[in-house]
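Values below: all heavy atoms of this structure, side chains included; hydrogens, waters and symmetry mates excluded. Owing to the predicted nature of the structure, the values given are computational and were not obtained by experimental measurement.
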Amino acid sequence: MDSEPNTGEGSSSSSAAAAAAALQQQLQRAPESSTSPPAAAAPPSRYESQKRRDWNTFLQYLKNHKPPLTLARCSGAHVIEFLKYLDQFGKTKVHISGCPYFGHPNPPAPCACPLKQAWGSLDALIGRLRAAYEENGGRPESNPFGARAVRIYLREVRESQAKARGIPYEKKKRKRPVVTAASGINSGQSSGTSSGAGAGEASGNATGAATTTTV
């Protein structure tokens, strides 16, 4: 008769312990379920995506080079060789000197002159590869995409394509600051002079910024 109350008390104690354990587990999982999932990373910009593709293309070019080249041994001459290799995929008509349409901006008929990479495309490509080289651990002082030979080659391509396509290239002229001789003598005159000079220079800068060069 005395064993039945003891059995009921033991059963209720074990039930309470199980309930307490279940509650503890719920409390431990509660912070995990209440926290919001991490926000998805923003997709790379168009520039970053293009820079990554260009970098992978150049690395593949080095791998397929005969003999194969490593990035550490790459020089400005190899970069120029890579730019010439890309000409076979170009879409810009560049007239040769013997073509009747040499120097003609709008040729009236097709010709057999080769298609090449436009200077603007090559210049932008070198800019992306130069940045990618340093982002991937390269030192700025040994960057082959910033070599003097590469700059000279790009300048020669720009000038030759401008002549062949009849498209003049105008260099941007640096504006020198205007110094007024009357400054400090008459505050009213200096204020008026500086305002006029500032307005003229701002107009010139806006005009220069709005002018684009077509190659």
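- Residue Phe58 holds its CZ atom at 14.0 Å from CZ of Arg128, rounded to the nearest 0.5 Å.
- In this structure, the side chains of Ile96 and Phe102 stay at 4.5 Å or more apart for every pair of heavy atoms.
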Original post:
Given Tyr61 and Glu81, is the side-chain contact (heavy atoms from CB on, under 4.5 Å) satisfied, shown in steps?
Top reply: CA-CA 10 Å; Tyr61 170 79; Glu81 185 181 290; 2.8 Å; yes

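- The number of heavy-atom neighbours closer than 6.0 Å to NZ of Lys163, taken from other residues, nucleotides and ligands shown, is 12 or below.
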Contacts table for residues 104-116: side-chain donor-acceptor under 3.5 angstrom, sequence neighbours left out:
residue : atom : partner : partner atom : Å
His104  : ND1  : Asn106  : N            : 3.1
His104  : ND1  : Asn106  : O            : 3.0

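- Rounded to the nearest 0.5 angstrom, Glu135 CD and Leu129 CG are separated by 11.0 Å.
- Of the N and O atoms on the side chains of Gln50 and Asp54, at least one donor lies less than 3.5 Å from an acceptor on the other residue.
- Note that CZ of Arg130 and NZ of Lys51 are 13.5 Å apart. Values are rounded to the nearest 0.5 Å.
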Got a list of side-chain donor-acceptor pairs under 3.5 Å for residues 67-77, not counting sequence neighbours?
residue : atom : partner : partner atom : Å
Ser75   : OG   : Ala77   : N            : 3.4
Ser75   : OG   : His78   : ND1          : 3.2

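- Taking both residues in full, the closest heavy atoms of Phe145 and Val150 are given as O-CG1, 3.9 Å, listed atom of the first, atom of the second, then distance.
- Contact annotation: the side chain of Arg158 never approaches that of Asp123 to less than 4.5 Å [non-hydrogen atoms, C-beta and beyond].
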Report, one line per pair, each donor and acceptor closer than 3.5 Å where one atom sits in a side chain of residues 82-89; sequence neighbours left out.
residue : atom : partner : partner atom : Å
Asp87   : OD1  : Gln117  : N            : 3.0
Gln88   : NE2  : Tyr85   : O            : 3.1

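- Side chain of Arg151 to backbone of Gly146: a donor-acceptor contact under 3.5 angstrom is found.
- Side-chain atoms of Asn136 come within 3.5 Å of backbone N or O of Ala132 as a donor-acceptor pair.
- Each of Ile80 and Val94 belongs to its own hydrophobic cluster when Ile, Leu, Val, Met, Phe, Trp and Tyr are linked at side-chain heavy-atom distances under 4.5 angstrom.
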Original post:
Does the side-chain contact (heavy atoms from CB on, under 4.5 Å) test come out yes or no for Tyr133 and Ser142, once each step is laid out?
Top reply: CA-CA 10 Å; Tyr133 177 85; Ser142 60; 3.5 Å; yes

